[in-house]
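Numbering of ligands and ligand atoms starts at 1, following listing order.
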Amino acid sequence: MLSRIVSGDNPVYSDSEGVVGLFEVLKVLPTYSSLHVLVDSNTAANCLPVLERSGVLKNASIHVVEAGEGSKSLASSAHLIDRLSQSGADRSALLLNLGGGMVCDLGGFVASIFMRGIRHINIPTSLMAMVDAAIGGKTAVNHSGIKNLVGAFHMPEAVFISSVFLKTLAYRELRSGFAEVIKHALIGAGPQLSELGHPIEAVSSSWDEIIAASVRFKSSVVASDPTDRSFRRILNFGHTIGHVVESISLENGGLPLSHGESVALGMMVETVLSHRLNGLDEESMLNILGLLRRHYPDLALPPMSEEWIRLLQGDKKSDSGTFRFVLLSEIGRPEIEQKVDIRQIMGAVEALSVLERRVSSHP
Ligand SMILES: NC(=O)c1ccc[n+]([C@@H]2O[C@H](COP(=O)([O-])OP(=O)(O)OC[C@H]3O[C@@H](n4cnc5c(N)ncnc54)[C@H](O)[C@@H]3O)[C@@H](O)[C@H]2O)c1
């Protein structure tokens, strides 16, 4: 059944039973001249057939890019622009982004620049995209080795979420998106933290409620600060250290950490910083660390090095000598622009390894 979980100019719909509700969503839009669907090679195989079987894509042009972060590029954008143009898209065309965060970011970016902007609908298929990337109108591609260097704010006309797509999502990807669900519970009125302690497989029966709570929370934050000038930055909890960890893992070769895994590690360090510098009580800190370790027992921080400092300095949240973090003063109370210096970061990283032992014996 289709339900509207966020109202307003850019509504978010959820259909727990499949994709038939998308007919309703398309019906309420002003008419479009042509319909285009962007997929990556995985969502082409796993998700596109679901839409095709429903009949909703009649006369749509399908555009496929290779799965993976490498496709979030200016080259792929140019390719998609050519494809849209060749298949007759004009200013009234509608683009459906059917995929994870990569597809939503790439498709949203191209929608923001094609003929000075066309409408798009995000149909997120990964948990990361459902609770985060598809919501809020931030679009971007990577360039010169820098993530999200080129982008624009361009709100989707609507977002259509169906948890049926999660059935084909790999466990590691599910767990990656779950980090953002946990983040929402830590920084505000997302899902209740107590609901998130069970193994992810057990949580699956209540995906719809958990996703809806996360989406409502993120949408409310975005509505209060659409262009990320102040309050929206609370969403960066875990991301300052997460960005460092993700970049180091990408540079080191081997299997890199995913975005969500990096954010999970980032939240661990930033929780310790919140306790040491911002009044988060010890009990809450241990509860948060315990929850994160239960879901991410295998993840390890890279050793502290000059690289950490270089990457922190390159982080847009830094100024000379100190780095600006989002820290919690209690669960549900994030504070932006908290200044932290490198010694305090090193202290928190060291303390974390000691605390981990206490966490494992904490109920
Ligand atoms: N714009 C934002 O606000 C925002 C927020 C968070 C993350 N992001 C961006 O999102 C990206 C990460 O998103 P992601 O984790 O979804 O990555 P992703 O889009 O690369 O998807 C991860 C993998 O899962 C596959 N996949 C997706 N849905 C599937 C399904 N239903 N069945 C089978 N396979 C499926 C994809 O093909 C890919 O291989 C990053 O580029 C990140 O920067 C953007």
Which heavy atom of the protein is the closest neighbour of [atom], given with residue, atom name and distance?
{"atom": "atom 20 (O) of ligand 1", "value": "Met102 CB, 3.8 Å"}
{"atom": "atom 16 (O) of ligand 1", "value": "Ser126 OG, 2.5 Å"}
{"atom": "atom 38 (C) of ligand 1", "value": "Asn42 ND2, 4.0 Å"}
{"atom": "atom 44 (C) of ligand 1", "value": "Asp105 OD2, 3.2 Å"}
{"atom": "atom 3 (O) of ligand 1", "value": "Lys218 NZ, 3.6 Å"}
{"atom": "atom 28 (N) of ligand 1", "value": "Thr125 OG1, 2.8 Å"}
{"atom": "atom 31 (N) of ligand 1", "value": "Phe165 O, 2.9 Å"}
{"atom": "atom 26 (N) of ligand 1", "value": "Leu169 CD1, 3.7 Å"}

Restricting to heavy atoms, the pick from Thr168, Asp132, Asp40, Thr139 nearest atom 33 (C) of ligand 1 would be Thr168
Looking only at non-hydrogen atoms, the one of Cys104, Gly101, Ala133 nearest atom 5 (C) of ligand 1 is Ala133
Heavy atoms of Val326 and Pro334 approach each other most closely as CG1-CB, 3.9 Å
side-chain hydrogen bond (donor to acceptor under 3.5 Å, both in side chains) test vs Asn97 passes for just one of Asp105, Thr139, Asn122, namely Asn122
Nearest 0.5 Å, please: how far is [atom2] in [Y] from [atom1] in [X]?
{"X": "Trp207", "Y": "Leu127", "atom1": "CH2", "atom2": "CG", "value": "5.0 Å"}
{"X": "Arg91", "Y": "Ser33", "atom1": "CZ", "atom2": "OG", "value": "11.0 Å"}
{"X": "Leu96", "Y": "His63", "atom1": "CG", "atom2": "NE2", "value": "10.0 Å"}
{"X": "Leu299", "Y": "Leu292", "atom1": "CG", "atom2": "CG", "value": "9.5 Å"}

For [X], the ligand 1 atoms whose distance to one of its heavy atoms is below 4.0 Å:
{"X": "Gly100", "value": "16 (O), 19 (O)"}
{"X": "Cys47", "value": "30 (C), 31 (N)"}
{"X": "Asn46", "value": "32 (N), 33 (C)"}

- Item | Ser249 side-chain N/O to Pro256 backbone N/O, donor-acceptor pair under 3.5 Å | no
Run the contact test for Gly99 against ligand 1 with a 4.0 Å cut-off on heavy atoms, strictly below, and give the result.
-> no
| Regarding Ser163 and Asp208, is there a side-chain donor-to-acceptor distance under 3.5 Å anywhere? | yes
Item to complete: Ignoring hydrogens and angles, state whether a donor on the side chain of Glu246 or His259 is under 3.5 Å from an acceptor on the partner side chain.
Response: yes
Residue pair Phe178, His295: steps toward the ring pair (Phe, Tyr, Trp, His ring centres under 6.0 Å) verdict:
CA-CA 9 Å; Phe178 202 64; His295 290 299; 4.9 Å; yes
Within reach of ligand 1, part of [X] (heavy-atom separation under 4.0 Å):
{"X": "Glu173", "answer": "side chain"}
{"X": "Glu69", "answer": "side chain"}
{"X": "Lys147", "answer": "side chain"}

Does Ser176, backbone or side chain, put an N or O under 3.5 Å from an N or O of ligand 1?
no
*asked:* Suppose we call two aromatic rings close when their centres sit under 6.0 Å apart. Are His120 and His154 close by that rule?
replied: yes
